[in-house]
Amino acid sequence: MAGTTTTTATTTASSSTYEGFSVEERAAMKAHALEQKKAARRGSAAEKAAEAERDVLAKIAEMQDSDRILAERVHAIVTANAPALAPKLWYGMPSYALDGKVVCFFQSAEKFKARYATLGFSDLAKLDDGPMWAAGFALTEVTPEVEARITELVKRAM
């Protein structure tokens, strides 16, 4: 047929090995969708905040011992030293938000089959330190020094 062009799609080796999201990633996305639906159904701001904190504490309680201990300490440190950050679930993990936007979060080692838990900070965290700075920290134990560092980071993040 005149004026018609036919193209043939080719597949590269790298694109044929893509298997989609992992089971853990899909579970995190589903958890996030449920969190959004649940938040939309709640009543007053105070009720939403109380329910969000209960959800975070319940999620922490479900974690295996090593992650649970770390998450409990992070939660205590953040809520005591950065009261403006509100606890909420974010992709099924405890997080702390300012005006509804996540500033920092705890990611368990077990959930993502990682070697260590992570304390992470979003791009909203004011941790800027020149042209490059850390936005995530491996967490294996909360010593007095680690507690002091987390305290300093969450205070500075706001």
Side-chain angles (χ1 to χ4, degrees), residues 11-39 48-158:
T11 305
T12 64
S14 63
S15 67
S16 65
T17 60
Y18 177 72
E19 296 179 18
F21 294 107
S22 70
V23 172
E24 294 81 11
E25 290 167 328
R26 285 193 301 277
M29 289 185 285
K30 285 180 183 178
H32 184 63
L34 288 173
E35 292 157 11
Q36 297 300 310
K37 286 180 186 178
K38 190 174 182 181
K48 287 181 182 183
E51 183 70 22
E53 180 150 19
R54 283 192 297 272
D55 291 347
V56 166
L57 293 172
K59 186 58 72 175
I60 291 170
E62 293 172 5
M63 294 178 185
Q64 70 175 1
D65 288 344
S66 57
D67 284 336
R68 182 181 40 76
I69 291 165
L70 293 172
E72 286 172 346
R73 290 300 306 135
V74 167
H75 180 77
I77 294 165
V78 173
T79 56
N81 293 287
L85 295 179
K88 69 183 258 181
L89 288 178
W90 188 54
Y91 293 97
M93 289 283 105
S95 71
Y96 304 87
L98 185 62
D99 298 326
K101 297 182 181 184
V102 172
V103 173
C104 64
F105 56 91
F106 176 85
Q107 191 173 29
S108 74
E110 178 189 25
K111 182 168 182 155
F112 294 99
K113 298 177 182 149
R115 187 168 58 97
Y116 47 79
T118 305
L119 175 62
F121 292 86
S122 76
D123 61 328
L124 299 176
K126 298 174 181 156
L127 300 178
D128 305 37
D129 185 18
M132 184 174 133
W133 58 89
F137 299 84
L139 190 58
T140 60
E141 182 181 6
V142 180
T143 63
E145 295 80 18
V146 170
E147 184 170 338
R149 180 74 171 134
I150 293 170
T151 298
E152 185 266 329
L153 286 167
V154 296
K155 285 180 176 181
R156 199 168 54 145
M158 301 184 317

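As the structure is a computational prediction, the values presented were derived from the model and not from experiment.
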**Request:** Using a cut-off of 6.0 Å, state whether more than 12 heavy atoms not belonging to F112 lie near its atom CZ.
**Result:** yes

**Asked** Which pairs, with at least one residue in residues 103-124 and sequence neighbours excluded, count as a salt bridge (Lys or Arg N to Asp or Glu O under 4.0 Å)?
**Response** E24-K113

**Complete:** Tightest non-hydrogen contact, residues A52 and P87, listed as CB-O, 3.4 Å

**Asked** Excluding sequence neighbours, so at least two apart, what forms side chain to side chain contact (heavy atoms under 4.5 Å, CB included) with S122?
**Response** L124

**Prompt:** Are E62 and K59 close enough, and set up right, to give a salt bridge (Lys or Arg N to Asp or Glu O under 4.0 Å), and what steps lead you there?
**Reply:** CA-CA 5 Å; E62 293 172 5; K59 186 58 72 175; 3.4 Å; yes

**Item:** Partners passing salt bridge (Lys or Arg N to Asp or Glu O under 4.0 Å) against D128 (at least two apart in sequence or in another chain)
**Value:** none

**Message:** Strictly distance-based, threshold 3.5 Å: is any side-chain N or O of N81 a donor or acceptor partner for the main-chain N or O of I77?
**Reply:** yes

**Fill in**
Nearest heavy-atom approach of F121 to F105 is N-CE2, 3.8 Å

I'd like a table of donor-acceptor pairs (distance under 3.5 Å, sequence neighbours excluded) in which one partner is a side-chain atom from residues 95-104, with atom names and distances.
{"from": "S95", "atom 1": "OG", "to": "K88", "atom 2": "O", "distance (Å)": "2.8"}
{"from": "Y96", "atom 1": "OH", "to": "H75", "atom 2": "ND1", "distance (Å)": "2.9"}

**Check: R26 side chain, F21 main-chain N or O, donor-acceptor pair, under 3.5 Å** = yes

**Request:** Measure from the side-chain N and O atoms of D55 to the backbone N and O of L89, and report whether any donor-acceptor pair falls under 3.5 Å.
**Result:** no

**Complete:** d(L70 CG, T140 OG1) to nearest 0.5 Å is 7.5 Å

**Exercise: identify the closest heavy-atom pair between F106 and L139** = CE1-CD2, 4.1 Å

**Asked** Does a salt bridge link R54 with E51, judged by any charged N lying under 4.0 Å from a carboxylate O?
**Response** yes

**Item:** Nearest-0.5 Å distance that lies between atom CD in Q64 and atom OG in S108
**Value:** 7.5 Å

**Item:** Contacts of type side-chain hydrogen bond (donor to acceptor under 3.5 Å, both in side chains), residue K126, not counting sequence neighbours
**Value:** none

**Item:** Within residues 131-158 or reaching into it, pairs that qualify as salt bridge (Lys or Arg N to Asp or Glu O under 4.0 Å) - sequence neighbours excluded
**Value:** R73-E147, R149-E152, E152-R156

**Prompt:** Of the options V78, L57, I60, V74, which is the one that meets P94 in a side-chain contact (heavy atoms from CB on, under 4.5 Å)?
**Reply:** I60

